Structure formats: C-alpha cells, structure tokens
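Below, read A as the first sequence line, B as the second, and so on, with proteins coming before strands; counting in each chain starts at 1. Hydrogens, waters and symmetry mates are skipped; everything else that's a heavy atom, side chains included, is used. Predicted, not measured: the structure shown is a model, and the values here were computed from it.
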Amino acid sequence: MEDTNDKKPTPQPDIPATFLKPYSPEETETKLYELWESSGYFNPDVCVEKGVTAADAEPYSIVLPPPNVTGTLHMGSALMLAIEDILVRHARMSGKKTLWVPGTDSAAIATQARVEKDIQKSEGKSRHELGREELLKRIDAFVEENKSTMLAQMRAIGASLDWSRYAYTMDDSRYDAVMEAFVRMYEAGLIYRGNRIVNWDPKGQTTISDDEIVYEERKAKLYTFKYGKDFPISISSTRPETKVGDTAVAVHPEDPRYKEYVGKEYDVVFCDVPLHIKVVADASVDKEFGTGALGVTPAHSQIDWEIADRHDLPRPQVISEYAKMTVPGRLSGMKVAEAREAVVAWLREEGLLEKDEDIMQNVSTAERTGGVIEPLPKLQWWVDVDKPFTIAESKIPGIASASSLSLKELMTKVAEGGGVTFVSERFEKTYLHWAKNLRPWCISRQIWFGHRIPVWYREDAMKVQVDSPGDGWEQDPDVLDTWFSSALWTMTTLGWPEETEDLKEYHPTTLIETGYDILFFWVARMILMSGFFLGEVPFKTIYLHGLVRDGQGRKISKSLGNNIDPVDMASKYGMDAVRISLIMGMAPGTDSRISEDKIRGYKHFANKLWNITRFVLTAVGDSDLERVQGEEVLHAELSSLVMTVDRHFAEYRIDLAADAIYHFIWHRFADEIIEESKPILQSGGDAALARQKTLATILTTCLKLLHPFMPYVTEAVWQSAPTLRQGERDILMVAKWPTT
RNA sequence: GCGCGGUUAGCUCAGCUGGUAGAGCAUCACAUUGACAUUGUGGGGGUCGUAGGUUCAAGUCCUGCACCGCGCACCA
C-alpha cells in the first residue's frame, strides 16, 4: 500500500506482493472475466477439445431465461444469473459437459409500450402518426442499445455463459423457427382463427391472454333494477351501461320465482336503446346471487357469451375498442364510466332503480398498461388446448407414442407421470391446477413489434405459410404473444427446427431455473411446445426461485425507491459479495431479501479468504510439499465438508451449501485450525511440515468449493498463488471438483 | 369460495425420517497491533402463533382456529 512504513519493516516472507494488501475486486474482476472468456471454457466443445471434459461425459444444460431488453438488469436477474452460474460452474468442475445458453428477449408488448411512451413524451407523437415501419426502426435502435448494456452486465456478474451460442428471440433463426412452429400447429389443427370474447386492453389497444390479467380489488356498486316498467323480472349489475347490449335474462331452471317466464320474450326501450329480451333457463345461474336473474350481455362478458352459445342468442356489440359506447341515443360516444352514471341517473328518473349496495369487486386490469380490461368479441388466433392430436414419438413417461391426446392432457400428464420434477413440490400442485383449468390461449396481439403472424389474405382467401404467396396477398397485421416464441426457447436456442447436434446432445435440458411468477406464462408453455413438437419434456427439473425483496421485506419498486442496483453494489463491495448475499438464506421458491448491509458483510468474507491465503502462503513459504503427508483427522473433516456440500447441491440447496462452506472457512478453518497451527508451525520439524501440507490442502479445497459461489476472489487467489494449485490446471474454473 | 405457503431469540432465518432448541446480524462485556479492526473470546435473550389429539417422548406427526403472504376462481 502507499502509506510509507516508518516503523521497522516486518520481515516479509516470499509471497506474491498482491497478498500484502486487502483484496481489491475492482482491480481483478474485469480481467478475470476476460481470462475465462478468452480461454474458451464457457463452451463445452472447447472443454472437450482441451481435455477438461471427457467426450462422452454426461451433458448438463441450462438455457438462460432471457431477460427483457426493456432496460437494465435488476436484483432479480442478478439472483437468477447467480443461481444458474453456481449450478453451471459446479457441473463444469464436476466433469459434466456443461452448456449454459445466453439470450435476450424482445418482450413484444413491454418493449413497444416503453418505446411508444418515450416517443409520446419527447415528440408528442402516437405510433399511428409514426407508422409501422418507423416505429419498428425506433424499437430496434432502443433494443440494440439495451442489449449491449445488458450483455455487459451479465458478464460483470460473472456468468459463465457460452457466448458463441447467444440467441435473441427476434434474430433470424429464432424468427424463422417461430413461423415454422405456427404453421405446423395450424396444420395440426391446434391453432385456429375464431371469434370469441377476448380480454381487450383499451389502453394498450390489444388483446391479452388470461394470464396477463391482474386482478385489483375495488369498491363497486351493485345496482338492482328493471329494464322497464312492464318487465316482470329485476336484475342486478355492477355495470348497468352494458345492459344496452342485453338480449336475454337468464334464470335457474329450478327457480320457482321465474319458472312461468321462461321462454317469454319482451320488447323494451332501455336508455333510448330498443332491446328484445328473451327469458332463458340456464343452470349456470346462481339462484342466491342478487335477484337470481342475470341480464345476459353476450358481447361483453365471457360467461354471457357462453350462455348465448347455449341458447342461440344475438350478440350485439355496444362498446368499442376505445371503451366507448357505440349505441345511439343519450349514451352515444360516452366512455363506459360516464355511461354508467348516465344509465343510473336514467334509472332513477324512470323509477326503475330498486336498490344500490356497496360491494367489493375484482376488476381485471392489464398487467403491462394497467388499463381496465373490456371483454369484447374479436376475431383472433387461438391455440386449442382441448383438441386431441396424435403424438408421433413420445419420450414422456405415461404418454405412449402414436397416442392421441390434447395439449391440456399432455401438460397434465408430464407432471403426473414424473416427466419433470419440481424442486419445490408445492409448485407442482399449482401447475397441475392451472393445467387442468386451461382455456383457449389467445395468441394474436394488435401491436407491431414481435413475430408477425404468418397468415396471408386476399379477398376471401387465406393462406397459412411462412413466405408470402405472392402479389396481392396481405399479411395479417397482428403479431404473436411474446410467450408463444418464448415457449419454444429451449428448442430454438439449440437449433430447432433443424435436427442439430446441440438439440440431440442438450435437449431435454437438465434444468429450468426461473422465477415462480412465470410458471404459467413460460414454464408451462415450454412443456406444451416441447411436448407437441418433440414428444419430450423441455427440462428434467424445474427450479423456481422467489422474489428479491428489500431489507424490510418490501417489493422492489420504483415508487418506493428501494431498488438496489447489482452492478452499483458490485463496484462498492465486489460482485462475489453481491452474488453470495443474494443466495445466502434463500430457500428455493421462497422470497428472499437483500440489503446493503448484507452485501457489505460478505465483502468481509472475501477479504477473510484473502488473508487466510496470505497466512497459508507465509506458513508454507518455499517448502516442497509434494511428498509430505498431511494429517488424517483434518482430511477426514474436509471430506465430510465436501460430502455435505455435495448433498446440498444434489438437493438444489445451494443456500445451505454456501452456508456450510462459509462456516467452515471462517469459523473452523480461520478461527480454529489456523490458530491451532501457529504453535505447531513454530515448533518446526515433521509436524510443522505436515501441518503446512494440511493447511495448503484445506485452502485448495476451500477455493474449489467456494468457486461457484464467489468465482472472482477464488480465481484471483488461484492466479496469484500457483503453489496452491497442486498440479491442477491454471484456471480454477476448470479445476476438478474435490472428491471425498 | 377453493387451494398453497408462512407463523422458532430484537431482525433474517435453519432445524432431515419425533428424543426436551441453533446460526448470522444486532446487543452487552472483555481481549488483541495479531494472516485479518473487513478481528477474536464470552454473555444475555425463545413456555418454537393458538387450542386440542397421537406418543414413554412433539417446532418436528394429526385436527380445529387465528393472523400474515400468495395463487386460482367468482366478479350479476
């Protein structure tokens, strides 16, 4: 260090100068990542070529859940990268043929919404003023900029990803694969175009899937009223404005109050709109709710649409895509909220309102825009999850080749038959519950950024194919739900639809590791796609991690200002400290907490290891330890530590593995073994020599065990202290995992 | 409404197939120029949410209840 030493110079033994000052992450991290990357060892092919991995070694593969290109990495992404990097480094050191595929996700809606918002702010223009082509150009520029930042961040975290296999959801090869998938599923009859009730987001001006809905509990008023003075039945509704779209009143078939009216038809004028209402009996009606009679609005309610199906009712649309009334009369052009008040006022005037009561109601909102969902009938593209198809060749337990089943059944059987294992069993229940209640999946989106639907129209003709059929054919303007392409991710990153070596070698992948919040969006749908196209599961094990919360257990959010930037923290405390503090105390599937204090604590640990090294190197000096025997007892103890760590790895309890290593290093090795060693070393002779050997062996083993968790500091030690390598490779990342 | 978690020291959590409570942080006291003050040693602190049950023995198994969190459904 720079402070001039005017005290007597302590006699420095012959150890590398780098250990004479505290560990400095900022000086080492970038260099070490470059060392790893340029070594080529992130790529399993290179590992085989250079003899690090046996050619016939067991493959171990993980496909990185591609982060959205909408911004920068947050603590959640850092946690994900840390967990996966730990597993991957452990697998690589254990001699497996280890592949971790990097990627980024275009995140269609999220990205377009973000860019549109920016343009609206800076230029005051909407996307329609800009035009499709120009908007896409702007989005591409935005994406390119973010991508490079994000890739740099992934490197900073230390992720040992094989960059030679990097994929982006919208690159050419992925794009083509998505088109191919759509066409094949269409040809199998599992994708169809249909007019059904969709979840329409008036704010985002697009449909969204059931899973993209967020329910918000709000206070609402339930009004009870009649359509007109001469109408015999009262109904209840929280949305009286929709009643101008009613074509029936449904009652329970066994409700004695209404039996006499079933089958009768009435004409009324409701708020200036003439209605023709038929009374129908339908078992889906709950006799106990409200008046026991349900005003049926087929075009603006999912269940009403289904009732209309059963009773062959007309389905007039009375609300537009802009959530405005399309009926003539006083409501014409009003927004739904205004119309509601206007209808209530009219009901009061007419003396038709019988009751209004406060109730709590779940309002459906769009996850991305927060817009209140307006159910509307629309002609959209759907994945049919109920229609049986024939699975040509099945490698899934419980599903026979050439058998016939629906996608829903496929998804259920994969879990029930043990085709995949959930690290936390409880998620299997959640998954199964979801799979069994699955409804058609709406996959078309009315936005511009994304994989455009490969369907072509000319007059009344329609063709489903990847390339344009020729002049005069117009491509469907819609793009696919971003999760449709994501669902193919394990396959497309490995080369599908080509039958590549990678696909053969690494698919099914060993493990999917992602947040539990995208179990349905993504994990379940990968099972769907992989099952349909390949007859196999996309991954053998499902590891779901929880949310990263702040020190007080609050969700990380912009409004709270409690975001902790992983790269920021790393520049203060080192990335090793960030990584290990993210996974310490984090049981799989449960939310975890991160705070600056915790990270600071683990910086101390990195330095502790540094100082241990300094002590050991000093103790060993220039002794030749090659032929020296260490002490049995301590070696047995070390073995038992390795066994504990292995067991935790086998159970995916990397938090416990890290804990075991941490405690051994600090509280056993440093606090006890090193302290006990001081007199032994001073006494000299064979005992001292044996102890030197023991200390070196313990440290070497600790470096290896700790490497997956804290790759930088351990590699820094390995690089600076060749004496500790004991004949192994000069890069710790590819050293052999300790055996017991 | 259905389901899933959780409830153990001030805080964050661990306690596997049941044998009478552990760690880290925090706190208090003491020590040390030591490989390391990014330190060490020691102490205090818990009737393991609640009421029952099974058992020779229950944080640990079973049942009910309460509270917190989450998912799904309903949403007339």
Side-chain angles (χ1 to χ4, degrees), chain A residues 7 10 13 15 19-23 210-211 213 215-218 220 222-225 234-240 242-243 246 249-251 284-286 288-297 301-304 307 359-364 375 424-434 436-437 516-517 519-520 546-547 549 551-553 555 573-574 577 584-587 589-595 597-598 600-619 647-648 651 653 655-656 659-660 662-663 666-667 670-672 674-675 677-678 681 695:
Chain A
K7 287 175 220 155
T10 18
I15 64 166
F19 290 107
L20 297 179
K21 52 182 185 172
Y23 172 61
D210 295 345
D211 300 283
I213 291 176
Y215 296 101
E216 273 177 33
E217 198 165 71
R218 292 186 191 172
L222 180 66
Y223 301 97
T224 301
F225 55 91
S234 301
I235 55 165
S236 299
S237 176
T238 53
R239 297 196 59 187
T242 65
K243 299 293 105 185
D246 283 15
V249 165
V251 297
S284 69
V285 176
D286 178 359
E288 310 304 319
F289 193 96
T291 62
L294 163 66
V296 181
T297 322
S301 151
Q302 182 67 46
I303 48 167
D304 292 9
I307 293 173
I359 58 161
M360 289 310 282
Q361 186 189 222
N362 275 333
V363 177
S364 308
S424 315
E425 251 170 75
R426 62 194 164 99
F427 290 118
E428 180 168 349
K429 290 182 194 158
T430 316
Y431 167 86
L432 279 170
H433 184 259
W434 178 84
K436 286 176 177 164
N437 292 296
Y516 64 68
D517 52 334
L519 173 60
F520 304 146
L547 258 52
R549 296 170 176 276
Q552 287 130 64
K555 249 184 173 165
Y573 306 109
M584 277 286 196
M586 174 230 49
T590 57
D591 295 349
S592 57
R593 299 179 182 212
I594 189 77
S595 63
D597 285 342
K598 194 173 175 186
R600 188 184 299 119
Y602 288 107
K603 182 189 178 171
H604 300 172
F605 179 53
N607 195 57
K608 187 78 184 178
L609 184 73
W610 197 251
N611 279 308
I612 288 170
T613 306
R614 180 167 159 188
F615 177 84
V616 172
L617 291 178
T618 310
R647 196 186 71 233
H648 290 317
E651 289 165 358
R653 291 304 303 267
D655 53 323
L656 300 181
D659 198 58
Y662 174 89
H663 280 97
W666 200 313
H667 300 298
D671 287 352
E672 294 170 2
I674 285 183
E675 290 307 320
S677 299
K678 288 176 182 172
L681 291 167
L695 290 176

**Request:** Answer whether the closest heavy-atom distance between the side chains of A:Arg647 and A:Glu651 falls below 4.5 Å.
**Result:**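 Answer yes - side chains close enough.
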
**Request:** Evaluate the side-chain proximity of A:Asp211 to A:Trp434: yes if any heavy-atom separation is below 4.5 Å, no if none is.
**Result:**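 A side-chain contact exists here, since the closest heavy-atom pair is under 4.5 Å.
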
Measuring only the [atom1] atom in each nucleotide, how far is [N] from [M]? A whole number of Å is fine.
N	M	atom1	answer
B:U17	B:U7	P	15 Å
B:C61	B:U54	C1'	8 Å
B:C70	B:C13	P	15 Å
B:U20	B:C4	C1'	32 Å
B:U8	B:A23	C1'	13 Å

**Request:** Would you name the heavy atoms of A:Tyr23 and A:Asn607 that are closest together and state the gap between them?
**Result:**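 Looks like N-OD1, 3.1 Å.
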
**Message:** Restricting to non-hydrogen atoms, name the atom on A:Lys243 and the atom on A:Ser237 that form the minimum distance, rounded to 0.1 Å.
**Reply:**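 Smallest heavy-atom distance, with atoms named: CE-OG, 3.8 Å.
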
**Asked** Would you say B:C36 has OP1 or OP2 under 4.0 Å from some side-chain N or O of A:Trp666?
**Response**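 The answer is no; no side-chain N or O of A:Trp666 sits under 4.0 Å from OP1 or OP2.
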
**Who pairs with B:C2 - Watson-Crick or G-U, where each distance is under 3.5 Å** =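 The answer is B:G71, by the H-bond criterion.
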
**Asked** At under 4.0 Å between heavy atoms, what does A:Ala619 touch on the DNA or RNA strands: base, sugar-phosphate, or nothing?
**Response**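 It contacts nothing in the nucleic acid.
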
**Asked** Just checking A:Lys678: base, sugar-phosphate only, or nothing, at a heavy-atom cut-off of under 4.0 Å?
**Response**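 Base, at least one base heavy atom under 4.0 Å.
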
**Heavy-atom protein contacts under 4.0 Å, nucleotides 71-76 of chain B, coded B base, S sugar-phosphate only, - none** = -SBBBB

**Request:** Using a cut-off of 6.0 Å, state whether more than 12 heavy atoms not belonging to A:Glu288 lie near its atom CD.
**Result:**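 Incorrect, the count does not exceed 12.
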
**Message:** If the glycosidic angle sits within 90 degrees of zero it is syn, else anti. Tell me which applies to B:G59.
**Reply:**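 Here B:G59 takes the syn form, which means its glycosidic angle is within 90° of 0.
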
**Prompt:** side chain to side chain donor-acceptor pair (under 3.5 Å) with A:Ser424: which residues, sequence neighbours excluded?
**Reply:**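 Not a single residue meets the side chain to side chain donor-acceptor pair (under 3.5 Å) criterion with A:Ser424.
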
